[in-house]
Student: 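I have a structure here, written as C-alpha cells, and I will follow up with some questions on it.
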Amino acid sequence: MATLPTLDFQDYVAGGDRRASFLKTLGETAREVGFFYLTGHGVPLEVSDGLVSLARKFFALPQAEKEAIDIANSPHFRGYTRIGNEHTRGRRDWRQQIDFGVDRPAIPQDGQQPLWTRLQGPNQWPAALPELEPAVRDWQARLEAVSVQLLEAFALALELPADAFSAIYREQPNHRLKVIHYPGRDIAEDEQGVGAHKDGGFLTLLLQDRQAGLQVETDAGWVTAAPIRGSFVVNIGELLELATNGYLRATTHRVVAPPAGVDRISIAFFFAARLDTEIPLVSLPAHLAALARGPASDPLNPMFRDTGLNQLKQRLRSHPDVAQRHYADILHQFGL
Ligand SMILES: O=C(O)CCC(=O)C(=O)O
Ligand SMILES: [Fe+2]
C-alpha cells in the first residue's frame with residue numbers, strides 16, 4: 001500500500017447508498033489499516049489555515065514568552081513543552097508543542113478524590129498571542145462535533161446502534177489538543193520527531209501543514225501519510241481497539257524530523273473518554289466478532305480499564321517534569 005485510503009464524510013452525511021458504501025469502507029479500513037484521510041468534514045480551509053498560521057506565530061515567539069506557559073506550571077498537563085522535553089518510550093522527541101484540554105475548573109484536592117481528578121483544570125493561554133485562545137476554542141468545538149459524528153459512524157459500521165459508544169463522551173466529552181512544531185534536522189539531534197507509538201484515546205484527527213513526516217506502520221512496512229490539503233488524517237486509538245476487542249485497529253505510527261532548513265506544523269486532536277468511566281466492551285454481531293483479534297494493547301504500556309487512570313499514566317510517562325513537580329507523591333503507583 002503506497003498511501004492511505006481516503007473517505008469523504010459527505011458520503012456519510014448524504015445517507016442512502018452513499019452512506020452504506022461509506023460505512024462499508026470505514027469498517028474495512030479501520031480493521032485493516034486503522035488510518036485514513038477524511039475529506040468533506042465541514043471544517044473550512046480558512047479556519048485550518050488560520051490555526052496553522054497562529055501556531056507558526058506562537059512558535060516564532062521569544063523562548064521566554066513561550067515558557068511563560070510552561071507545561072511544568074500545570075498539574076493538568078496544559079501548556080508549552082520545549083524541544084526535547086517530551087519522551088516516547090524513554091527517548092526524546094524533537095518537537096515543541098502546546099497542549100490544551102477541556103477548560104474546566106481544577107478540582108480541590110484533599111487526598112480523598114480519585115487520582116484522575118487532578119487532570120481536570122484550566123488551560124494556559126499565551127499573553128503574547130491573545131488571538132490563539134478563541135481560535136483554539138473554535139477548533140476544539142468543531143473537532144469535537146466531527147469526532148462524535150465519526151464515532152456514531154463507527155458504531156453503525158459495526159452494525160451497532162449509533163450511540164453504542166456514547167457512555168464515554170455524553171454530556172462531558174473529553175479531548176486533548178496538541179499544537180506541534182517539528183524543527184528541521186539541522187536543529188534536531190535525531191531523526192525522531194516523535195517515536196513509534198499508538199494513540200491512547202478513541203480517535204485522533206490530525207491536521208498537517210504542507211510538510212510530510214508522519215509515517216504509519218502497515219503490513220507492507222512504513223507508509224508516509226503525506227499532507228493532503230483540506231483533509232484530516234484520522235486514526236484509531238487504543239481505547240476504541242479495546243472497546244471492540246481488537247476488531248478495530250490502533251496502528252503504530254511515528255514522525256520523522258523534516259530535512260535540514262525545513263520545519264513542520266501539525267495539530268493533533270485526541271478525542272478521549274470521559275475521565276470518570278471505564279472502557280466499555282461492545283458486543284459485536286457474531287460474523288464481526290469472529291474477525292476480532294482480541295486485545296492488542298502495547299505490552300510495554302498496558303492499559304487500565306479505568307479511563308482516567310489510564311490518561312494520567314500516559315501523561316506522567318510523557319512529561320517527567322510535570323510528574324516530578326506535581327505528582328511525586330504517587331509516581332511509585334505507576335512504576336515511575
Ligand atoms: O505530528 C504528527 O503528524 C503526529 C503526532 C502524533 O502522532 C502524536 O502526537 O500522537
Ligand atoms: Fe500519535
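Counting starts at 1 for both ligands and their atoms, in listed order.
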Student: Taking the Fe ion (ligand 2) as the reference point, name the nearest N/O/S atom of Asp199.
Tutor: OD1

Student: When you look for heavy atoms under 4.0 Å from ligand 1, do you find them on the side chain of Leu206, its backbone, both, or neither?
Tutor: side chain

Student: Numbering the atoms of ligand 1 from 1, which are under 4.0 Å from a heavy atom of Val255?
Tutor: 1 (O), 2 (C), 3 (O), 4 (C)

Student: With a heavy-atom distance limit of 4.0 Å, tell me whether His253 approaches ligand 1 through its side chain, its backbone, both, or neither.
Tutor: side chain

Student: So, of the N/O/S atoms that His197 has, which is the nearest one to the Fe ion (ligand 2)?
Tutor: NE2

Student: Using a 4.5 Å cut-off on heavy atoms from C-beta on, say whether the side chain of Lys198 contacts that of Thr204.
Tutor: no

Student: With a heavy-atom distance limit of 4.0 Å, tell me whether Asp199 approaches ligand 1 through its side chain, its backbone, both, or neither.
Tutor: side chain

Student: Might you confirm whether atom CG of Asp329 has over 12 heavy atoms from other residues, nucleotides or ligands at distances under 6.0 Å?
Tutor: yes

Student: Do Leu150 and Phe271 have side-chain heavy atoms sitting under 4.5 Å apart?
Tutor: no

Student: Just so I know, are the side chains of His76 and Leu119 near enough to count as touching, which here means a heavy-atom distance under 4.5 Å?
Tutor: no

Student: Would you kindly specify which portion of Arg264 sits under 4.0 Å from ligand 1, judged on non-hydrogen atoms: side chain, backbone, both or neither?
Tutor: side chain

Student: Is a salt bridge present between Asp199 and Lys178, judged by a nitrogen-to-oxygen distance below 4.0 Å?
Tutor: no

Student: Check Phe270, Trp139, Phe269 against His175 for a ring-ring contact (aromatic ring centres under 6.0 Å, His included) and give me the one that passes.
Tutor: Phe269

Student: Would you check if the distance from the ring center of Tyr327 to the ring center of Phe77 is below 6.0 Å?
Tutor: yes

Student: Please name the atom of His253, restricted to N, O or S, that is closest to the Fe ion (ligand 2).
Tutor: NE2

Student: What atoms in ligand 1 come closer than 4.0 Å to a heavy atom of Phe270?
Tutor: 8 (C), 9 (O), 10 (O)

Student: Going by the order shown, which atoms of ligand 1 are within less than 4.0 Å of some heavy atom of Arg95?
Tutor: 5 (C), 8 (C), 9 (O)

Student: Please say whether more than 12 non-hydrogen atoms of neighbouring residues, nucleotides or ligands are located less than 6.0 Å from CZ in Arg210.
Tutor: no

Student: Could you pull out the closest heavy-atom pair between Phe35 and Pro5, with the gap in Å?
Tutor: O-CD, 3.8 Å

Student: What residue and atom, counting heavy atoms only, is the protein's closest point to atom 8 (C) of ligand 1, and at what distance?
Tutor: His197 NE2, 3.6 Å

Student: With backbone taken as N, CA, C and O and side chain as the heavy atoms from C-beta onward, which portion of Ala268 lies under 4.0 Å from ligand 1: side chain, backbone, both, or neither?
Tutor: neither

Student: Give the residue, atom name and distance (to 0.1 Å) of the protein heavy atom nearest atom 5 (C) of ligand 1.
Tutor: Tyr182 OH, 3.5 Å

